[in-house]
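Since the structure comes first, as structure tokens, the remarks are kept for the end.
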Amino acid sequence: MFSRILIANRGEIALRIIRACKELGIETVVVYSEADRDAIYLRHADQSICIGPGPAAKSYLDIARIISAAEISDVSAIHPGYGFLSENSHFAEVCRSCRIGFIGPPPEATRLVGNKASARTLAKKIGIPLLPGSESILASEEEALKNAHAIGYPVMIKAAAGGGGRGMRLAHNDISLINGFLAAQAEAEAAFKDSSVFLEKYLERPRHVEIQILADTHGNIVHLGERDCSIQRRHQKLVEESPCPVLAPETRREMGEAAIALARAAGYVNAGTVEFLLDTNGKFYLIEMNARVQVEHPITEMVTGVDIVKEQIRIAAGEPLSFAQADVSMNGCAIEVRVNAEDPDQGFRPSPGKITNFFPPGGMGVRVDTHVYSGYTIPPHYDSMIAKLIVHRRTRRDTITAMQRCLQEFVIEGVKTTIPLHQKIMAEKRFIEGNLDTHFLEGMLPK
Ligand code: ADP
């Protein structure tokens with residue numbers, strides 16, 4: 001097992017990883033930017049190293065600075081968390097050449113599945129269900145038109161390197177296709193320095209259902225069931241739950257097998273998530289694979305009892321998985337809401353600043369993963385998520401009731417948050433009935 005790990009991330013996930021390391025008896029080194037020098041979790045780490053100014057490009061995304069910190073502190077591995085460098089295969093390669101363990105998949109696997117177009121090609125080869133789409137990257141507007149006509153409108157134009165809902169456009173006709181094609185290319189170039197886009201049939205009113213997998217270096221791969229992440233704004237998740245309230249056991253089994261097959265074909269190791277869209281007939285289609293731990297991993301931990309971050313570390317250290325597929329069971333229901341410092345009444349404008357008062361909810365089956373506290377100032381440089389509120393109970397109905405109580409109890413003053421929106425969602429009849437799709441929030445949001 002590793003003796004010391006460097007955490008190349010910030011916020012709640014940095015604290016989450018510190019917690020896993022402590023329980024495994026591993027020392028932690030956490031890097032931080034000047035904007036995070038007051039972060040409270042720094043005192044829980046054995047060492048903390050400032051790696052540069054607030055903007056991520058000069059700190060959390062700067063490979064040379066992070067590797068220097070790793071060399072100075074003599075760590076045996078780096079945990080990248082999510083976002084930042086977590087899916088950067090070049091970073092994983094640099095770690096490898098510096099003989100530092102990377103707690104994530106090998107760079108070759110990330111390259112293969114991290115690109116949506118190559119993941120589609122691989123999935124097609126092994127017979128995983130896909131939505132109709134273009135065979136490869138679209139070279140020109142003419143090619144985009146030809147493919148759109150073959151697939152039939154509506155279609156989604158998607159960036160191969162896409163993530164975070166960026167580089168995606170919906171097209172209903174030739175005009176919106178051409179406009180969307182150019183806009184998606186430009187957005188993808190700006191966000192990912194890669195303008196490649198492809199087409200996929202647009203599915204009306206799908207659910208987003210994803211499978212958590214764990215793969216060790218000995219060829220064992222298991223899945224930990226699914227998460228329903230249909231409640232989204234601009235293709236970004238806001239509320240997640242496990243299990244998916246409508247998934248038939250047979251479909252869960254098939255989806256799990258498809259996720260494992262994709263991971264195996266890609267030579268995937270460590271924790272990963274295979275994302276699908278589920279149509280109203282219960283058919284599922286692969287959309288992408290995320291080669292890292294996900295924000296919403298705690299709901300899977302709550303229903304399966306598996307500590308995903310500890311498993312990531314054990315896998316990276318070369319240990320075989322300590323359980324088999326037959327040992328995995330899903331118990332009860334867990335829901336997570338993402339509490340963002342944003343103003344839902346102002347188009348979800350980020351609301352950084354000082355939190356004057358903070359008191360998290362508690363009680364049975366309640367977990368709050370957060371790094372903030374009364375008096376904490378949210379820096380403007382990073383993602384606006386400040387807390388994840390996770391509730392686990394035996395039934396979905398009880399989970400929703402407890403979540404409603406927790407949201408009422410949650411005190412966050414000084415900044416605007418998404419708590420009032422979550423209260424509306426939890427009170428909504430369609431949510432209570434489990435009647436979800438990716439358009440759920442439309443009509444509920446202020447115009
Ligand atoms: P990203 O990597 O940017 O998160 P994804 O491919 O995972 O992009 O898709 C994010 C969301 O966009 C999905 O959960 C779904 O709501 C929507 N989406 C993606 N592809 C399609 C599609 N073909 N049809 C309908 N909705 C889609």
Side-chain angles (χ1 to χ4, degrees), residues 82-83 86-88 110 113-124 128-134 137-138 144 147-148 150-172 176-177 180-181 183-185 187-192 194-212 226-241 244 255 259 262 272-281 283-296 338 383 385 436-442 445:
Y82 53 69
S86 59
E87 290 182 282
N88 182 321
T110 300
V113 298
N115 181 293
K116 290 181 197 185
S118 63
R120 268 184 73 94
T121 307
L122 180 65
K124 192 168 180 191
I128 292 177
L130 290 169
L131 289 162
S134 55
I137 301 304
L138 302 167
N147 276 279
I151 299 165
Y153 288 112
V155 297
M156 275 294 241
I157 306 145
K158 295 173 85 168
R166 283 173 300 177
M168 215 183 303
R169 289 287 185 285
L170 170 60
H172 284 281
S176 59
L177 181 83
F181 174 73
Q185 274 191 330
E187 199 172 301
E189 180 61 39
F192 316 112
D194 177 355
S195 63
S196 328
V197 298
F198 65 99
L199 287 190
E200 199 172 79
K201 178 79 186 168
Y202 178 74
L203 200 58
E204 310 274 355
R205 306 216 156 263
R207 282 178 185 254
H208 173 117
V209 181
E210 59 185 33
I211 300 278
Q212 174 73 53
E226 79 286 1
R227 297 182 284 256
D228 186 325
C229 313
S230 300
I231 300 193
Q232 306 177 347
R233 180 182 162 268
R234 294 195 179 162
H235 309 305
Q236 295 259 59
K237 301 159 189 167
L238 270 180
V239 178
E240 302 97 351
E241 65 178 289
C244 164
M255 248 185 191
L262 183 69
T273 297
V274 183
E275 299 190 334
F276 299 94
L277 293 181
L278 183 71
D279 72 13
T280 42
N281 300 317
K283 280 201 168 145
F284 62 87
Y285 309 90
L286 175 83
I287 45 171
E288 67 160 341
M289 180 165 189
N290 286 322
R292 56 173 157 80
V293 67
Q294 303 263 99
V295 171
E296 61 274 21
R338 299 189 187 194
D383 190 88
M385 193 179 74
L436 315 178
D437 63 50
T438 57
H439 300 275
F440 180 91
L441 279 185
E442 286 166 19
L445 300 176

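Since the model is a prediction, treat every value here as computed from it, not as a measurement. All residue numbers in this chain count up from 1 along the given sequence. Numbering of ligands and ligand atoms starts at 1, following listing order.
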**Fill in**
If you scan protein heavy atoms around atom 3 (O) of ligand 1, the nearest is Gly165 N, 2.6 Å
**Asked** Okay, side chain of Glu226, backbone of Val209: is any donor-acceptor separation there less than 3.5 Å?
**Response** no
**Request:** Examine the proximity of ligand 1 to Leu203 and report which part, side chain or backbone, both or neither, has a heavy atom under 4.0 Å away.
**Result:** both
**Request:** Spell out, as yes or no, whether a donor-acceptor pair under 3.5 Å connects the side chain of Lys237 to the backbone of His208.
**Result:** no
**Item:** Heavy-atom donor-acceptor pair, Arg205 side chain to Leu436 backbone, under 3.5 Å
**Value:** no
**Request:** Measure from the side-chain N and O atoms of Ser134 to the backbone N and O of Leu199, and report whether any donor-acceptor pair falls under 3.5 Å.
**Result:** yes
**Complete:** ligand 1 to Thr438, heavy atom cutoff 4.0 Å, flagged ligand atoms 16 (O)
**Item:** Heavy-atom nearest neighbour in the protein, as seen from atom 9 (O) of ligand 1, with distance rounded to 0.1 Å
**Value:** Met168 CE, 3.8 Å
**Request:** Under 4.0 Å from a heavy atom of Tyr202: give me the atoms of ligand 1 that qualify, with their elements.
**Result:** 24 (N), 25 (C), 26 (N)
**Shortest protein heavy-atom distance from atom 17 (C) of ligand 1, along with the residue and atom involved** = His235 ND1, 3.5 Å
**Request:** Examine distances only and state if a side-chain atom of Gln232 and a backbone atom of Cys229 form a donor-acceptor pair shorter than 3.5 Å.
**Result:** yes
**Request:** Measure the distances from the heavy atoms of Lys116 to every atom of ligand 1 and state whether one is below 4.0 angstrom.
**Result:** yes
**Minimum non-hydrogen distance to atom 13 (C) of ligand 1, winning option of His208, Met156, His439** = His208
**Asked** For ligand 1, which atoms sit closer than 4.0 Å to a heavy atom of Leu131?
**Response** 23 (N)
**Lys237 heavy atom under 4.0 Å from ligand 1** = no
**Request:** Please answer whether the main-chain N or O of Gly133 pairs with a side-chain N or O of Lys201 as donor and acceptor at a distance below 3.5 Å.
**Result:** no
**Asked** Under the 3.5 angstrom rule, does the side chain of Asn281 hit a backbone N or O of Lys283 as a donor-acceptor pair?
**Response** no
**Asked** Under 3.5 Å, is there a donor-acceptor pair between the side chain of Ser118 and the main chain of Gly114?
**Response** no
**Request:** Using a strict cut-off of 4.0 Å, indicate which atoms of ligand 1 neighbour a heavy atom of Glu275.
**Result:** 7 (O)
**Closest protein heavy atom to atom 16 (O) of ligand 1, given as residue, atom name and distance to 0.1 Å** = Gln232 OE1, 2.7 Å
**Prompt:** In ligand 1, which numbered atoms sit nearer than 4.0 Å to a non-hydrogen atom of Gly162?
**Reply:** 2 (O)
**Message:** Give me the residue, atom name and distance of the protein heavy atom closest to atom 19 (C) of ligand 1.
**Reply:** Lys158 NZ, 3.4 Å
**Request:** May I ask you to decide if His439's main-chain N or O and Asp437's side chain share a donor-acceptor pair within less than 3.5 Å?
**Result:** yes
**Request:** Carefully, step by step, assess Arg292 and Glu87 under the rule salt bridge (charged side-chain N to carboxylate O under 4.0 Å, His left out).
**Result:** CA-CA 7 Å; Arg292 56 173 157 80; Glu87 290 182 282; 2.8 Å; yes
**Request:** Would you sort out whether Val295 and Arg338 count as a side chain to side chain contact (heavy atoms under 4.5 Å, CB included), showing the intermediate values?
**Result:** CA-CA 9 Å; Val295 171; Arg338 299 189 187 194; 3.6 Å; yes
**Asked** For atom 21 (C) of ligand 1, what is the nearest protein heavy atom, given as residue, atom name and distance?
**Response** Leu277 CD1, 3.5 Å
**Message:** Counting only heavy atoms closer than 4.0 Å, does ligand 1 sit against the backbone of Lys201, its side chain, both, or neither?
**Reply:** backbone
**Request:** Do me a favour and list the nearest non-hydrogen protein atom to atom 7 (O) of ligand 1 with residue, atom name and distance?
**Result:** Glu288 OE2, 2.6 Å
